[in-house]
K.L.:
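Have a look at this one before I ask anything.
Counting starts at 1 for both ligands and their atoms, following the listed order. The first residue of the sequence shown is numbered 1, and numbering continues consecutively from there.
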Amino acid sequence: MALEAAFEALNRQAEQLKGTSLRQLFAAAPDRFDTFSARTDDLLLDYSKSRIDDKAFNLLLDLARAADVEGKRAAMFAGEKINGTEKRAVLHTALRNQSDQPVLVDGADVMPDVRAVLDAMADFAEAVRSGDLTSSTGDAFTDVVNIGIGGSDLGPVMTTIALSPYHDGPELHYVSNVDGAHIADTLEKLDPATTLIIVASKTFTTIETMTNAQTARKWIAGTLGEEAVGDHFAAVSTALDKVAAFGIDESRVFGFWDWVGGRYSVWSAIGLPLMIAIGPDAFSDFLSGAHAMDTHFAEAPLEKNLPVLMALIGIWNRDALGLSARAVLPYDQRLSRLPAYLQQLDMESNGKRVKLDGSPVTEETGPLVWGEPGTNGQHAFYQLLHQGTTVIPCEFLIAANGHEEDLKHHHDLLVANCLAQSEALMLGRTLDEAKALLSASGMAAGEVDRLAPHKVFPGDRPSMTLVYEQLTPFALGRLIALYEHRVFVEGVIWGINSFDQWGVELGKELATALLPMVKGEVSADSKDASTKGLLAALKS
Ligand code: F6P
């Protein structure tokens, strides 16, 4: 079936299903959970609270076949240059490849280089952790500051927070924003004599990172002397010439390759701060989790394939139901930065308006991704999720077990809240149910009629839930890889290039042109009235 016809069939089925609520779908099929859930090992995806029926599900599978998801998947794993606008292979999967299979780019196996960098990272991380590698003053490093932004920051930050129970190395800090407040507040608490700075930038040209790196350099040189700089810096980049020009010794530079996208780079040397925090063995478990998901994605049939299923429900919500956002709601405090991480992964990948061949897309593409951990969000924005006029599909994440064995009652409450939210979104509460509840509380009839409309929950609001045993390094690696592949499958179905990010360039160019105007070195006369007015207000 052609892709266009597959989308049309999907839209027709969505129209058909309009009059059927989730409540009715569940009532009609007691085995709905078994039908619409899938698992790999201890990772379970429940997508039964999506507004689909068997026919819609089969049409979604037709869509995946029409888009040749399996062929495109094979092309990615095989190192074909599927990032067409940048003429690059897309091989973050090679970074966690634990099979003995070669991975070829332009006919050459990249695995020896991947393993060599991982070994060098492990040696360096162990030396920092053990205190064998000392600072210019002969002290062990107690603190590590990672300076990077976007993919050179979000992955390491998110995973460092997520895996805090596994930390047994120096304390990690992250500086990303060019706002001087970020680096000032971070360095203020630290002693330069015991601080290691990692400058992480794929391109080593990103203005925020270079500006923060220079400020950190001055901080070290200003307190410990210029000759101390070499002992306090390391770098991660694909641009080894630019790192050398910055003055970081090549023995402290960890490379990666142009076939690793920034937002897919946490598995590369960009993960060095995480490795320093949790150690090479736990880092290896993290890679193993991702590799397990790669294997599942490569081998499981479409109808049991978790990334494919999440993508298909994503497409259904976005295109067939026309829902323009998705909320990521981890009931796992340590995944507090997962929504921010997924914002880059998803929105930078699939926020596109033309197809690979440059023609306009025919369907709505990437949704707005946002979220916060539960239960906190319940006391903030869930009001809108339950009773607002905008329907936002939700994605819940919950572990069967926390790490705090003596606080099991906390975890029970967390689980109860997580399940209650998806149940409430799905079921809602009708006017009759609201009235019955109010009457049962002894309220007068007039008051019941006045209050009841406010107590109605429309329900029929879709969600998916991911359950895993515990947030270990393995489970986290598997979870991130799951989302990576989900984004890939959605991009394939939309026919876009999920691996470039030209949309960030215009703002960068204009900022470069504006800087001399902000400094008063160049007239702002050429600018539009608003920009001129704002500049004048800021300068006055
Ligand atoms: O501006 C967007 C972006 O290019 C991201 O894709 C990337 O992760 C981030 O900037 C940082 O880039 P770099 O690692 O080259 O400093």
K.L.:
How close does the nearest protein non-hydrogen atom get to atom 11 (C) of ligand 1, and which residue and atom is it?
P.N.:
I149 O, 3.2 Å

K.L.:
Under 3.5 Å, is there a donor on one side chain and an acceptor on the other for N212 and T209?
P.N.:
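No pair is found: no donor N or O on one side chain lies under 3.5 Å from an acceptor on the other.
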
K.L.:
Give the residue and atom name of whichever protein heavy atom lies nearest to atom 3 (C) of ligand 1, and the separation in Å to one decimal.
P.N.:
E348 OE2, 4.2 Å

K.L.:
Tell me whether N317 contacts the main-chain N or O of L323 through its side chain, where contact means a donor paired with an acceptor under 3.5 Å.
P.N.:
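No, because the side chain of N317 does not come within donor-acceptor range (under 3.5 Å) of the backbone of L323.
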
K.L.:
For atom 14 (O) of ligand 1, which of the options S265, G155, G503, S152 provides the nearest non-hydrogen atom?
P.N.:
S152

K.L.:
What protein heavy atom is closest to atom 8 (O) of ligand 1, reported as residue, atom name and distance in Å?
P.N.:
G151 N, 2.7 Å

K.L.:
Would you mind listing which atoms of ligand 1 come within a distance below 4.0 Å of any non-hydrogen atom of V504?
P.N.:
1 (O), 2 (C)

K.L.:
Evaluating non-hydrogen atoms only, which member of K508, E208, Q501, K202 is closest to atom 10 (O) of ligand 1?
P.N.:
K508

K.L.:
Which protein non-hydrogen atom lies closest to atom 12 (O) of ligand 1, naming both residue and atom, and how far is it?
P.N.:
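Going by distance alone, atom 12 (O) of ligand 1 is nearest to T206 OG1, 3.5 Å.
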
K.L.:
As a test of understanding, state which of H92, E348, Q344, Q343 forms a side-chain hydrogen bond (donor to acceptor under 3.5 Å, both in side chains) with R263.
P.N.:
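Only match with R263 under side-chain hydrogen bond (donor to acceptor under 3.5 Å, both in side chains): E348.
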
K.L.:
Does a donor on one side chain and an acceptor on the other come within less than 3.5 Å for E395 and Y483?
P.N.:
yes

K.L.:
Quick check on the 6.0 Å ring-centre criterion: do F141 and H232 meet it?
P.N.:
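Here the rings of H232 and F141 have centres that are less than 6.0 Å from each other.
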
K.L.:
Below 3.5 Å, N or O to N or O, backbone or side chain included: is there any such pair between T203 and ligand 1?
P.N.:
yes

K.L.:
When the aromatic ring centroids of F124 and F254 are compared, is their separation below 6.0 Å?
P.N.:
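Yes - the distance between ring centres of F124 and F254 falls below the 6.0 Å cut-off.
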
